[in-house]
Amino acid sequence: MDVKEYYDRVAVRYDSDTKSPLMVAEDRALFEFLDVKVGDVVLDAGCGTGLFLDSLRPDSVDEIEYTGYDFSGGMLEEFRKKWPDFYVKEMSFLDSHVEFEEEFGLVVSLYGCLNCLQNLAELKIAIENLWMSVAPGGRMVLVPYGNNSPEKRDTSVHNIFSDQLDGYEILNPPPRFWKYALENLPELKSSTVIPFSEQVPLSLKNPNPTEDECYQEITDRLEYRIRQKGYEHPFGPNTVFDFLLCSAIKEE
């Protein structure tokens, strides 16, 4: 079974498998960072079942211009059940993005979608395609899995790739790769690469933390990293983090 077949198969239960207190807390913190505003023009790359729209404030969903795509027809089928009025299409990161006639003020790829690519060459193409879609003055925010493979991630409700994909190796280039990839984009105004939920469950005394406890822990860490302007010191071999938050702003 390849990755696309896997997501087609789990699409009907995907939403219910992403509702642990920590995962919900991560979404709260992430969307505060994204700060989606009325009138934003958004491209959601790897939109899946529509978790981006699910995570917005109800009063703001109809106030943005939204386009999404995903390589899994099964995930898109679930998306359209929830959000029939929004445009989504079946395509991949590697397909040409020139068909999008307008540029986007916010281009996102969340929840480790980029980890489904098979090698660094594909990842480079994907980043270039996404960046090409960003309007002058706009943002690109990529959230790949960190250096834990999914079956070891504390944020996973289920072991999403465990015993599912024979021989599949998750793509997890180190933070220095993401930092290098963003810094070498054309027309770059600024970029940041920071861990998003580094060892959050391990630092909480409660073995079954609540959503609010996780949220406070995540936001405290995220604000600290942002004040540091990223996570600049070298990552050691024992550094553990669940996500990287990679943000780039294009020159106007």
Side-chain angles (χ1 to χ4, degrees), residues 26-47 52 55-56 60 64-68 93 97-98 100 102-115 117 120-147 171-198 200 215 218-236 239 241-252:
E26 285 179 336
D27 288 348
R28 285 174 58 188
L30 174 60
F31 275 80
E32 285 187 7
F33 174 84
L34 290 176
D35 191 25
V36 181
K37 293 182 170 61
V38 170
D40 277 352
V41 183
V42 178
L43 174 63
D44 185 4
C47 62
F52 179 95
S55 298
L56 294 179
S60 65
I64 64 171
E65 295 183 39
Y66 175 93
T67 299
F93 292 110
H97 286 42
V98 296
F100 297 122
E102 62 181 327
E103 295 175 309
F104 299 88
L106 175 61
V107 172
V108 298
S109 179
L110 311 178
Y111 308 113
C113 298
L114 289 165
N115 293 78
L117 297 171
L120 292 177
E122 288 188 354
L123 184 55
K124 184 175 183 294
I125 293 170
I127 293 173
E128 290 173 351
N129 281 340
L130 294 172
W131 185 244
M132 180 185 68
S133 305
V134 180
R139 294 179 294 154
M140 177 175 74
V141 180
L142 313 177
V143 184
Y145 291 140
N147 61 353
L171 174 64
N172 52 17
R176 64 178 178 276
F177 167 85
W178 296 95
K179 190 170 185 294
Y180 175 83
L182 296 187
E183 288 178 345
N184 283 273
L185 292 171
E187 303 175 277
L188 178 70
K189 180 179 179 180
S190 64
S191 66
T192 308
V193 177
I194 52 180
F196 181 50
S197 57
E198 181 189 359
V200 168
Y215 169 77
I218 291 168
T219 53
D220 287 348
R221 288 174 179 269
L222 187 57
E223 289 171 2
Y224 175 70
R225 299 304 186 205
I226 291 172
R227 288 198 300 271
Q228 284 189 318
K229 297 183 179 179
Y231 200 59
E232 300 294 345
H233 71 71
F235 287 86
T239 302
F241 48 90
D242 295 321
F243 292 110
L244 287 178
L245 198 159
C246 307
S247 177
I249 299 176
K250 185 174 280 190
E251 293 178 346
E252 297 187 36

Handout entry: Spacing of CG belonging to Leu110 relative to CD belonging to Glu26, to within rounding of 0.5 Å
Key = 11.5 Å
Practice task
Determine whether Arg176 and Val193 make a side-chain contact, defined as any pair of heavy atoms from C-beta on separated by less than 4.5 Å.
Solution key: no
Handout entry: Nearest non-hydrogen partners of Ala45 and Ser109, listed with the distance
Key = O-OG, 3.2 Å
Practice task
For residues Tyr66 and Phe52, determine if any side-chain heavy atom of one lies less than 4.5 Å from a side-chain heavy atom of the other.
Solution key: yes
Problem - N/O donor-acceptor pair under 3.5 Å between Asn115 side chain and Pro144 backbone - result: no
Problem - Sub-4.5 Å side-chain heavy-atom contact between Phe93 and Glu122 - result: no
Exercise for the section: In plain terms, say whether Arg28 and Glu32 are close enough for a salt bridge, that is, a side-chain N and a carboxylate O under 4.0 Å apart. Expected result: no
Practice task
Compare every heavy atom of Gly137 with every heavy atom of Glu252, then report the nearest pair and how far apart it is.
Solution key: CG-CA, 3.4 Å
Completion exercise
Between Leu117 and Leu123 the two heavy atoms that sit nearest each other are CD1-CA, 3.7 Å
Fill in the blank from the handout: Nearest heavy-atom contact between Cys113 and Gly46 is SG-O, 3.2 Å
Exercise for the section: Side-chain contact test, heavy atoms from C-beta onward, threshold under 4.5 Å: evaluate it for Leu182 versus Cys246 and give yes or no. Expected result: yes
Handout entry: Ser247 side-chain N/O to Thr192 backbone N/O, donor-acceptor pair under 3.5 Å
Key = no
Exercise for the section: Hey, could you give me the CD1/NE2 distance between Ile125 and His97, rounded to the nearest 0.5 Å? Expected result: 11.5 Å
Exercise for the section: Look only at the side chain of Arg139 and the backbone of Leu34, and say whether a donor-acceptor pair between them is shorter than 3.5 Å. Expected result: yes
Handout entry: Trp178 side chain reached by Leu245 side chain, heavy atoms, under 4.5 Å
Key = no
Practice task
Compare every heavy atom of Glu183 with every heavy atom of Ser191, then report the nearest pair and how far apart it is.
Solution key: OG-CG, 3.8 Å
Exercise for the section: Can you measure from NZ (Lys124) to CG (Asn129) and round to the nearest 0.5 angstrom? Expected result: 10.5 Å
Practice task
Decide yes or no for Phe104 and Val42: does some side-chain heavy atom of the first lie under 4.5 Å from some side-chain heavy atom of the second?
Solution key: no
Completion exercise
In short, Met140 meets Leu130 closest at the heavy-atom pair SD-CB, 3.7 Å
Handout entry: Heavy-atom side-chain proximity of Leu185 to Ile127 below 4.5 angstrom
Key = yes
Practice task
Please confirm whether the backbone N or O of Trp131 pairs with a side-chain atom of Lys250, one donor and one acceptor, at under 3.5 Å?
Solution key: yes
Exercise for the section: Verify the ring-centre separation between Tyr111 and Phe243: is it less than 6.0 angstrom? Expected result: no
Practice task
Evaluate the side-chain proximity of Leu56 to Phe31: yes if any heavy-atom separation is below 4.5 Å, no if none is.
Solution key: yes
Problem - Spatial distance of atom CG (Leu244) from atom CZ (Phe177) [nearest 0.5 Å] - result: 11.5 Å
Handout entry: Whether Asp27 side chain and Ser55 backbone form a donor-acceptor pair below 3.5 Å
Key = no
